[in-house]
Amino acid sequence: MSSIITGEAVVLELRPASFAARALGLLLDVLVHAVVLWGLVSVVGAAAPDLDRAVLGALITVAVVFCFVVLPVTVETLSRGLSLGKLATGLRIVRDDGGSIRFRHALIRGLIGFLEIYATLGALAVAVALFNGRSKRLGDLVAGTYALRRRVPAEAPVLHQVPFQLQPWVSLADIGRIPDAAARRASLFLRQSGRMSPASRVVMAESLATELAAHVAPPPPAGTGPEDYLAAVLGERSRRELDRLHLTRERSARLGARLGRLPHERGR
């Protein structure tokens, strides 16, 4: 598993594809390209008696380049890193920073892919992919891309627990004005803080605590750590939102019961 840190100081988990998944997706793509090539060659072959040998050779060369270079480059560019094989195996090609690829990346992958996949019968691609952590082939190394798993298990929602010593303070604090975006960033940090380096974890916790403190009053007891502060504020915020939801449901149920007891006018 790899991760990147966004400009908002949020760590995003990215799961590179395994070698087996990449190999299966590549095999499916190769089969699709081979079928398309067979169809084009069949069309050219039907017209072969009426064509010059030089023209016939040129048409076959064009068909090969189209199927093994132009077609995969076009599909990856338009779909931002997808193909039939990748759709079947739940993969997507992305940049090293996690962003969508563009024509330049797809072109580099396509040109080098012709060499490492078709010209060497996949031997070069396999040799390179086996010796790097993200199962990159040579085209990925040059283009700055890798295969990302799109189908990942959904994470269970995180319930932030209010530290015991902060319960009296946070139960009376005004925390209703915290922006949703700031709350999401703080929640993501608490969920992934255990995988961060100690220095980055401290700096990020202090930054997020300062951001939330601008919307919370009164301040916490002296000596409260930034992570405890974040957990207390988010935990109390979730509890209050849940209480409001239950209250809304109870009011709706009571209103429905009252309406059900009203006499209904019968149509004449």
- request: Could you note down all residue pairs passing side-chain hydrogen bond (donor to acceptor under 3.5 Å, both in side chains) where residues 104-118 supplies at least one of them, sequence neighbours left out?
  value: His33-Tyr118, Glu76-Arg109, Arg109-Asp140, Glu116-Arg137
- prompt: Do any pairs count as a side-chain hydrogen bond (donor to acceptor under 3.5 Å, both in side chains) and have a residue in residues 216-231, sequence neighbours left out, and if so which ones?
  reply: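 Listed by first then second residue: Arg201-Glu227.
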Do any N or O atoms from the side chain of [X] and from the backbone of [Y] form a donor-acceptor pair under 3.5 angstrom?
X	Y	answer
Trp169	Ala232	no
Arg134	Ala147	no
Ser171	Pro168	yes

Please tabulate, for the side chains in residues 63-74, all donor-acceptor contacts under 3.5 angstrom to protein atoms that are two or more places apart in sequence or on a different chain.
| from | atom 1 | to | atom 2 | distance (Å) |
| --- | --- | --- | --- | --- |
| Thr74 | OG1 | Val70 | O | 2.8 |

- prompt: Listed by chain and number, what are the side chain to side chain contact (heavy atoms under 4.5 Å, CB included) partners of Asp52, not counting sequence neighbours?
  reply: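 Expected list: Ala54, Val55.
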Could you list the residues that satisfy side-chain hydrogen bond (donor to acceptor under 3.5 Å, both in side chains) with [X], not counting sequence neighbours?
X	value
Asp180	Arg237
Ser83	Asp29, Lys86
Ser252	none
Glu236	Arg239, Arg240

Using side-chain heavy atoms (C-beta onward) and a distance below 4.5 Å, is [X] in contact with [Y]?
X	Y	result
Leu148	Leu91	no
Arg80	Arg92	yes
Leu56	Val44	yes

Does one hydrophobic cluster hold both [X] and [Y], with members joined at side-chain heavy-atom distances below 4.5 Å?
X	Y	answer
Leu24	Tyr146	no
Met196	Leu190	yes
Leu26	Leu28	no
Leu37	Leu111	yes
Ile117	Phe114	yes

Show me the donor-acceptor pairs, under 3.5 Å and distance only, between side chains in residues 207-218 and residues at least two apart or in other chains.
| from | atom 1 | to | atom 2 | distance (Å) |
| --- | --- | --- | --- | --- |
| Thr210 | OG1 | Glu206 | O | 2.8 |
| Glu211 | OE1 | Arg185 | NH2 | 3.4 |
| Glu211 | OE2 | Arg185 | NH2 | 2.3 |

Measuring from [X]:[atom1] to [Y]:[atom2], what's the distance to the nearest 0.5 Å?
X	Y	atom1	atom2	result
His246	Arg251	NE2	CZ	14.0 Å
Ile60	Leu40	CD1	CG	11.0 Å
Phe103	Leu78	CZ	CG	10.5 Å

How close do [X] and [Y] get, counting heavy atoms only, and between which atoms?
X	Y	result
Leu82	Val75	O-CG1, 3.5 Å
Leu230	Ala186	CD2-CB, 4.2 Å
Ile108	Gly139	CG2-O, 4.2 Å

- prompt: Who else is in Phe131's hydrophobic cluster (ILVMFWY, side-chain heavy atoms under 4.5 Å, direct or via others)?
  reply: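 For the cluster that includes Phe131, the remaining residues are Phe19, Val126, Leu130.
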query: Remaining members of Ile101's ILVMFWY cluster at a side-chain heavy-atom cut-off under 4.5 Å?
result: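 When side chains under 4.5 Å apart are linked, the cluster holding Ile101 also contains Ile93.
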query: Considering residues at least two apart in sequence or located in another chain, which fulfil the salt bridge (Lys or Arg N to Asp or Glu O under 4.0 Å) criterion with Arg254?
result: none
